[in-house]
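A short write-up of the structure that comes next.
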Amino acid sequence: MLEEQDIRAFVYGTTRYFEVAAQQAASVGSPYLVTEGAPDIHDYNGVIAVSGRRNGTVCFSAPRGMLTVLLMKMNESNVSHEYLCDLVGEVANTIAGTVRRDLGKDFAISVPTVVAGAGNAVELPVGERPVVIPINWRSHVAKLVVCLR
Amino acid sequence: MARNAPFLTPQLKLLIVDDSNVIRRRIERSQQIEQLQVVGVASNGAEAIEVFRQTDPDVVTMDITMPEMDGIECVEQLVAMKPQVLILIVSALADKATAVEAMAKGANGFLNKPFSDRQLNEALAELIGGA
């Protein structure tokens with residue numbers, strides 16, 4: 001079972017990005033367990049591989065609309081695919097950095113990779129049920145997918 | 001009659017090193033320190049060395065996790081080339097060990113990502129103010 005403290009570090013890393021970079025807080029929705037198959041993901045995904053006390057994958061999955069508005073909120077006018085990929089990678093990078101700081105003794109956290117484009121899948125540990133935590137910001141909802149064994 | 005000379009603020013040349021377009025442009029756009037003038041950008045450590053040679057900056061903002069050559073190694077090389085250069089690490093790696101390692105290699109300040117415009121400008125002001 002995932003421990004609340006572990007999930008909290010990932011969630012904190014995510015919400016902190018919105019609070020600091022966009023100066024507008026995000027709220028956390030009710031987490032749910034995916035009981036069958038893989039969770040639906042959005043177009044832009046920042047993926048972190050986790051090893052150590054737990055092994056698996058954590059993915060920040062965001063819709064294009066959210067990332068576009070987030071870039072604009074940061075006064076960035078270039079909202080091209082390349083910049084959206086950069087941004088989702090930066091959010092994942094922040095999550096990774098926060099987890100390294102808070103749980104560094106127990107976890108090894110990879111440099112994030114970006115998976116983008118419709119139809120792409122994020123590789124999750126086989127046989128594990130991912131937890132999805134909705135991240136609400138303005139009118140958009142991203143997903144933090146945590147799948148650790 | 002001699003005219004009063006205009007007040008000239010000494011210019012310091014700034015190099016921005018980060019593998020993210022978003023962050024490079026954010027720093028370029030958000031930095032409001034009068035003395036700083038952006039003279040170059042680079043997306044990894046190896047490119048930073050090249051741009052550094054061409055532009056001879058006084059101040060560098062440096063990411064750590066980058067392809068080809070990471071920020072820590074790049075700091076060491078830049079300091080070897082110009083010991084008086086001021087380097088602000090701008091990284092999502094929030095652990096103390098990383099900051100200590102960067103400082104040991106010659107960095108002068110550390111700013112965690114994500115950062116607000118105010119935090120960026122305070123960190124840069126502190127960096128050049130302490131020079």
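These numbers come from a predicted model, not from an experiment. In the text below, chain A, chain B and the rest are named by the order of the sequence lines, each starting its count at 1.
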Using the rule that two of Ile, Leu, Val, Met, Phe, Trp, Tyr join whenever any of their side-chain heavy atoms come within less than 4.5 Å, decide whether A/Leu144 and A/Tyr44 are in one cluster. yes
Applying salt bridge (Lys or Arg N to Asp or Glu O under 4.0 Å), which residue pairs with at least one partner in residues 76-85 of chain B are found, sequence neighbours left out? B/Asp56-B/Lys82, B/Asp58-B/Lys82, B/Glu76-B/Lys105
According to a hydrophobic-cluster definition based on side-chain heavy atoms being under 4.5 Å apart (Ile, Leu, Val, Met, Phe, Trp, Tyr only), do A/Met74 and A/Tyr83 belong together? yes
Are A/Tyr12 and A/Phe10 linked, directly or through intermediate hydrophobic residues, by side-chain heavy-atom contacts shorter than 4.5 Å (ILVMFWY only)? no
Under a 4.5 Å heavy-atom criterion, the part of residues 18-27 of chain A in contact with chain B comprises A/Val20, A/Ala21, A/Gln23
Shared ILVMFWY cluster between B/Ile89 and B/Val100, side chains joined below 4.5 angstrom? no
Counting only heavy atoms closer than 4.5 Å, note whether B/Ser20 contacts chain A via side chain, backbone, both or neither. both
Which value, rounded to the nearest 0.5 Å, describes the distance between A/Asn93 atom CG and B/Asp63 atom CG? 7.0 Å
Are B/Val79 and B/Met62 connected into the same hydrophobic cluster when the rule is that any two of I, L, V, M, F, W, Y join if their side-chain heavy atoms are below 4.5 Å apart? yes
Strictly by salt bridge (Lys or Arg N to Asp or Glu O under 4.0 Å), give each pair with a member in residues 67-90 of chain A just once, sequence neighbours left out. A/Glu76-B/Arg25, A/Glu76-B/Arg29, A/Glu90-B/Lys113
Heavy-atom pair with the smallest gap, counting every atom of A/Leu87 and B/Val22: N-CG2, 4.2 Å
Using the salt bridge (Lys or Arg N to Asp or Glu O under 4.0 Å) criterion, which residues pair with A/Arg8? Sequence neighbours excluded. A/Glu4
Does any backbone or side-chain atom of A/Ile109 lie under 4.5 Å from a heavy atom of chain B? Answer side chain, backbone, both or neither. neither
